[in-house]
Amino acid sequence: MKKILIILAAVFLASCSDNLEKLNQNIKDPATVSGESLFTGAQKSLVDQVVDLNVNNNNTKLWAQYLQETTYTDESNYDQITRTIPKSHWDVLYRDVLKDLDESKKIITETTYALPSEQATKANKLVVNEILTVYTYALLVETFGNVPYTEALDINNLLPKYDDGLTVYKDLIVRLTTAINALDTSKGSFDSSSDYLYHGDTNSWKKFANSLKLRMGILLSDVDNGLAKSTVEDAVTSGVFTSNADNATYEYLSAAPNTNPIHDNLILSGRRDFVAGKTIIDMMNSLGDYRRAQYFTEISGGGYLGGTIGSTSSYAGHSHVSAVVEEATTPGVLLDYAEVEFLLAEAAARTFAVGGTAKSHYDSGIKASFADWGASSTDATSYLAQPNVDYATVLGASTATTPWKEVIGNQKWIALYNRGLEAWTSIRLLDFPTMATPTDAVSGYPNRYTYPVIEQTLNGANYNTAASAIGADTAEQKLFWDMF
């Protein structure tokens with residue numbers, strides 16, 4: 001009997017031990033995460049940050065003067081500090097995008113897939129991951145200048161050094177070229193449930209990578225014309241976007257939390273914080289631009305009116321973003337065909353061998369924008385025939401030091417509406433259109449985001465070295481590619 005009791009006690013204790021261990025198990029969250037799911041999360045975080053209108057996260061639609069704040073005007077007046085906007089941008093791109101892409105790469109590399117069809121797509125998955133990684137680092141360099149790169153993403157190094165922005169950018173172009181050459185377009189990559197940009201279509205990813213390479217090459221035109229020329233021409237030869245069907249657009253859903261962030265900012269929030277900016281409304285009014293109806297709403301009584309930059313502007317008395325822009329399912333754009341055509345116009349104006357002329361690509365860029373926004377081809381043809389739009393006529397009338405920069409810059413900016421980050425970059429590169437001086441500006445025009453304040457506190461030595469290397473950690477400090 002005694003032996004039986006001892007055995008029962010042992011069983012009971014073992015059972016209790018097992019139960020206690022199970023109590024410590026997290027049954028709600030997965031024990032492991034797939035590389036594919038990390039890629040999906042990183043992709044959404046990247047597009048959300050590029051698209052976002054929330055003043056805590058992304059102020060570039062205000063700095064491109066597409067919009068004006070109604071009541072709280074700090075961000076329209078170039079205040080980067082009150083809401084620590086640079087930190088938000090920095091954190092999203094490093095933590096939510098690059099780190100997840102890095103972990104995704106590690107997991108996919110280590111995974112042996114059960115199905116031969118899945119194993120066959122493994123290499124392409126890693127290449128697509130690399131393409132998005134390059135895109136994200138390029139945004140960081142274009143925004144801040146020198147940034148952590150060679151020592152970034154290492155959880156054991158909390159004080160990474162900052163690398164020279166031009167050196168990083170050149171290395172990114174090398175990495176992108178390697179990725180383009182490695183992409184096997186005879187095979188797939190991520191499936192539709194993981195890739196909301198191209199559903200794993202490797203031909204589309206290759207065009208995207210080449211179009212990104214074109215954009216990066218153009219950005220270097222004033223600082224390293226030889227490298228810019230070879231980069232651009234190589235990208236065009238390999239194959240860039242040729243129609244709106246190629247656009248890198250992220251598919252948002254109709255229900256939160258997977259709606260377009262602008263829908264969240266303007267509709268789900270119930271707030272009325274933004275109206276159209278006077279700068280873009282005045283230019284589009286002067287051109288009789290047919291896209292106004294796609295971009296903005298009319299005011300009571302008809303017509304379009306924008307709020308004065310930097311001043312409070314009543315919501316009721318000014319135009320707002322259109323229903324198309326604030327729709328939940330409006331796609332988020334990373335890069336589109338209209339932008340590619342304007343980049344090719346710039347390349348042709350710089351005498352790079354890209355086929356066509358500056359005028360032909362300029363015309364194609366405007367037509368692509370009209371088509372993408374649902375304006376008719378007849379409207380586009382009429383618009384291009386106007387003396388204040390026709391490339392040759394406007395070029396001849398320009399008094400700018402480099403006339404083509406004004407002609408292409410103005411129309412490219414209109415076509416980039418709702419794409420704040422890239423519009424801001426184009427304004428800084430081409431110096432057109434001329435931005436209005438905000439009513440209560442706290443700085444000159446922002447040529448960069450200042451470094452996050454927390455970097456000064458926690459990574460002070462490397463921060464000071466970086467700030468000194470770029471000139472100064474100020475908003476007005478021009479970056480290496482912004483020469484004029």
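The structure displayed is predicted, hence computed values, not measured ones. Sequential numbering from 1 along the given sequence is applied to the chain's residues.
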Crowding at [atom1], [X] (>12 non-hydrogen neighbours, <6.0 Å):
X	atom1	answer
L253	CG	yes
K278	NZ	no
Y72	OH	no

Do [X] and [Y] pair up side chain to side chain, a donor and an acceptor below 3.5 Å, judged on atom types alone?
X	Y	value
D289	Y295	no
T121	N124	no
E406	S398	yes
T279	Q65	yes
N54	N56	yes
D372	S369	no
N58	Q49	no
N146	Y451	no

Under the salt bridge (Lys or Arg N to Asp or Glu O under 4.0 Å) rule, what pairs show up with a residue in [range], not counting sequence neighbours?
range	answer
residues 325-338	D336-R419
residues 292-306	none
residues 127-137	E130-R175

Quick one: closest heavy-atom pair of [X] and [Y], and the distance?
X	Y	answer
L479	G145	CD2-CA, 3.6 Å
S238	I180	OG-CG2, 3.7 Å
T450	D473	CA-OD1, 3.4 Å
S311	T439	OG-OG1, 2.5 Å
S313	Q68	OG-CG, 3.7 Å
L268	A256	CD1-CB, 4.0 Å

> Looking at L334, L335, L93, which hits side chain to side chain contact (heavy atoms under 4.5 Å, CB included) with V50?
Replying inline: L334
> Among all residues two or more places apart in sequence or in another chain, which pass the side-chain hydrogen bond (donor to acceptor under 3.5 Å, both in side chains) test with S211?
Replying inline: none
Rounded to the nearest 0.5 Å, what separation is found between the [atom1] atom of [X] and the [atom2] atom of [Y]?
X	Y	atom1	atom2	answer
D52	N260	CG	CG	9.0 Å
I408	H361	CD1	NE2	10.0 Å
E422	K412	CD	NZ	6.0 Å

> Is there a side chain to side chain contact (heavy atoms under 4.5 Å, CB included) between N418 and K61 once you walk through the steps?
Replying inline: CA-CA 7 Å; N418 202 34; K61 290 185 178 71; 3.1 Å; yes
> Among W63, Y78, W413, Y66, whose ring pair (Phe, Tyr, Trp, His ring centres under 6.0 Å) with W424 holds?
Replying inline: W63
> Given the rule in the salt bridge (charged side-chain N to carboxylate O under 4.0 Å, His left out) test, do D234 and K213 qualify, once you have shown the distances and angles that lead to the verdict?
Replying inline: CA-CA 9 Å; D234 186 50; K213 185 175 175 179; 2.3 Å; yes
Compare all side-chain heavy atoms of [X] with those of [Y] and state whether any distance is below 4.5 angstrom.
X	Y	answer
T60	Y449	yes
V232	I218	yes
D91	S88	no
F241	L214	no
M435	P433	yes
E346	L429	yes
T133	L98	yes
L132	L101	yes

> Are L421 and T425 close enough, and set up right, to give a side chain to side chain contact (heavy atoms under 4.5 Å, CB included), and what steps lead you there?
Replying inline: CA-CA 6 Å; L421 277 162; T425 298; 5.7 Å; no
>> Go through it in stages, so that I can follow the logic: the residues are D482 and R448, the test is salt bridge (charged side-chain N to carboxylate O under 4.0 Å, His left out), and I'd like the CA-CA distance, side-chain angles, deciding distance and then a yes or no.
In response: CA-CA 10 Å; D482 187 3; R448 58 183 292 273; over 6 Å; no
Just by modelled atom types, is the [Y] backbone N or O under 3.5 Å from a matching donor or acceptor in the [X] side chain?
X	Y	answer
S189	K125	no
H320	H318	yes
T259	S254	no
R291	M284	no
T357	S360	yes
N59	L62	no
N77	G310	yes

> Is the Y137 to Y169 ring centre distance short of 6.0 Å?
Replying inline: no
>> Quick check on the 6.0 Å ring-centre criterion: do W404 and Y391 meet it?
In response: no
>> Using the ring pair (Phe, Tyr, Trp, His ring centres under 6.0 Å) criterion, which residues pair with Y290? Sequence neighbours excluded.
In response: none
>> My understanding is that only residues two or more places apart in sequence, or in another chain, count here; which of them pass ring pair (Phe, Tyr, Trp, His ring centres under 6.0 Å) with F484?
In response: none
>> Apply side chain to side chain contact (heavy atoms under 4.5 Å, CB included) to residues I366 and I414 and explain how you reach the verdict.
In response: CA-CA 9 Å; I366 291 173; I414 295 174; over 6 Å; no
>> Does the structure place the NZ or CZ of R271 under 6.0 Å from the centre of the six-membered ring of F274, at an angle of no more than 45° from the ring's axis?
In response: no
> Is D222 salt-bridged to R350, going by a charged N under 4.0 Å from an acidic O?
Replying inline: yes
> Hey, what's the ring geometry for W205 with F208, parallel, tilted or perpendicular (30° and 60° as the breaks)?
Replying inline: perpendicular
>> Does H263 form a side chain to side chain contact (heavy atoms under 4.5 Å, CB included) with Y252? I'd like the steps, not just the answer.
In response: CA-CA 10 Å; H263 179 76; Y252 285 108; over 6 Å; no
